[in-house]
Amino acid sequence: MLESFLPLHPRTVHFPIALTLVGVAFAALGLFRQRPQWIAYGQMNLLLGWLGALAAVATGLFDQSAAPQTPEVLAVINQHISAGIALLVTIGLALYWPLRNKRLWSAGRSRWGYLALLLLIVALIAVEGWLGGRLVYGLGVGVH
Ligand code: HEM
């Protein structure tokens, strides 16, 4: 029964990727155009993206146990895990920072710092997806 749902992980990665990217886009546009409402939409999407990424980490760790333990696969999985954890930390920071600094949106330097953080999140998503693709399409992980 459970076998028909395996691998679980690929079913759970699309929502966090999409929600986080939409969150970054709204937050960045809101910052540039000084629209607090857009920033609020961005934060809401980032929160959902973070929760989705947490679920993706859980299913990824579950699927990983069925992956072949060759040095090549393990090397890519380790990089994939590092990027996944970095994603959780950076999205978490993008949610926490505005709570700590209420003047974030108006203060010049912290605004640019926040934008750099948003760009880092986009870069990490690209790396995470690329490494995941290497696992599946390059090394045949999760393909039965
Ligand atoms: C940090 C813990 C994670 C582990 C241990 C992990 C493990 C894996 C494994 C084993 C695969 C190969 C397919 C499978 O057997 O399921 C995979 C693919 C993939 N992973 Fe992860 N993953 C993790 C986190 C994430 C996160 C946070 C994301 C993005 C939100 C992500 C995105 C992907 C993508 C896009 C693929 C390719 C799926 C496909 O093309 O079918 N992973 N991952």
Side-chain angles (χ1 to χ4, degrees), residues 1-102 104-105 109-144:
M1 168 73 172
L2 186 64
E3 279 75 35
S4 57
F5 288 102
L6 292 176
L8 275 175
H9 186 58
R11 295 166 201 263
T12 60
V13 296
H14 302 91
F15 274 105
I17 292 173
L19 286 162
T20 305
L21 291 178
V22 169
V24 165
F26 268 110
L29 279 173
L31 273 180
F32 273 120
R33 319 244 359 209
Q34 294 288 306
R35 302 276 174 96
Q37 193 65 41
W38 292 10
I39 296 169
Y41 287 144
Q43 294 283 304
M44 208 169 67
N45 279 283
L46 284 175
L47 176 62
L48 293 173
W50 187 85
L51 290 171
L54 198 63
V57 166
T59 57
L61 290 171
F62 185 76
D63 282 6
Q64 182 200 6
S65 54
Q69 304 290 303
T70 64
E72 222 180 349
V73 168
L74 288 177
V76 179
I77 283 191
N78 283 338
Q79 293 166 358
H80 188 62
I81 291 175
S82 305
I85 290 169
L87 251 182
L88 281 182
V89 172
T90 48
I91 301 172
L93 200 60
L95 289 166
Y96 179 68
W97 195 352
L99 299 178
R100 287 280 307 203
N101 182 356
K102 301 284 179 206
L104 179 64
W105 319 125
R109 261 185 72 191
S110 21
R111 199 151 61 114
W112 286 110
Y114 195 76
L115 274 173
L117 176 65
L118 293 178
L119 282 179
L120 178 61
I121 291 172
V122 173
L124 282 170
I125 287 184
V127 170
E128 186 70 334
W130 179 70
L131 290 168
R134 265 192 77 191
L135 283 172
V136 176
Y137 301 101
L139 299 166
V141 178
V143 177
H144 302 290

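All ligand and atom numbering here is 1-based and tracks the order in the structure.
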Options H14, H80, R11, ranked by nearest heavy atom to atom 7 (C) of ligand 1, top entry: H80

Tell me the nearest of L8, V136, V57, I17 to atom 2 (C) of ligand 1, using heavy-atom distances. V57

Are the side chain of Q69 and the backbone N or O of A67 linked by a donor-acceptor pair below 3.5 Å? yes

Return yes if some donor-acceptor pair links the side-chain N/O of N45 with the main-chain N/O of V22 below 3.5 Å, else return no. no

Give, for atom OG of S82 and atom CG of L87, the distance between the pair rounded to the nearest 0.5 Å. 11.5 Å

Heavy-atom neighbours of [X] [atom1] exceed 12 at 6.0 Å:
X    : atom1 : answer
E72  : CD    : no
W112 : CH2   : no
F26  : CZ    : no

Below 4.0 Å from ligand 1: does a non-hydrogen atom of I85 turn up there or not? no

Test of proximity, Q64 against ligand 1: N or O pairs below 3.5 Å: no

Which of the atoms of ligand 1 are close to [X], meaning less than 4.0 Å from one of its heavy atoms?
X    : answer
G142 : 15 (O)
V13  : 31 (C), 32 (C), 33 (C), 35 (C)
Y137 : 40 (O)
P10  : 16 (O), 41 (O)

The atom name of the N, O or S atom in H9 nearest to atom 21 (Fe) of ligand 1 is NE2

Hey, are the side chains of I85 and I81 touching, using non-hydrogen atoms and a 4.5 Å cut-off? yes

Min side-chain heavy-atom separation L139-P68 under 4.5 Å: no

Please list the nearest protein heavy atom to [atom] with its residue and the distance rounded to 0.1 Å.
atom                    : answer
atom 36 (C) of ligand 1 : G132 CA, 3.5 Å
atom 29 (C) of ligand 1 : E128 CG, 3.8 Å
atom 3 (C) of ligand 1  : G60 CA, 4.1 Å
atom 16 (O) of ligand 1 : D63 OD2, 2.6 Å

Looking at A28 and L115, what are the two nearest heavy atoms and their distance? CB-CD2, 3.9 Å

Region of L135 engaging ligand 1 - heavy atom pairs below 4.0 Å: side chain

Of the side chain and backbone of A67, name the one, both, or neither that has a heavy atom under 4.0 Å from an atom of ligand 1. neither

Determine, stepwise, if the pair W50 / L46 fulfils side-chain contact (heavy atoms from CB on, under 4.5 Å). CA-CA 6 Å; W50 187 85; L46 284 175; over 6 Å; no

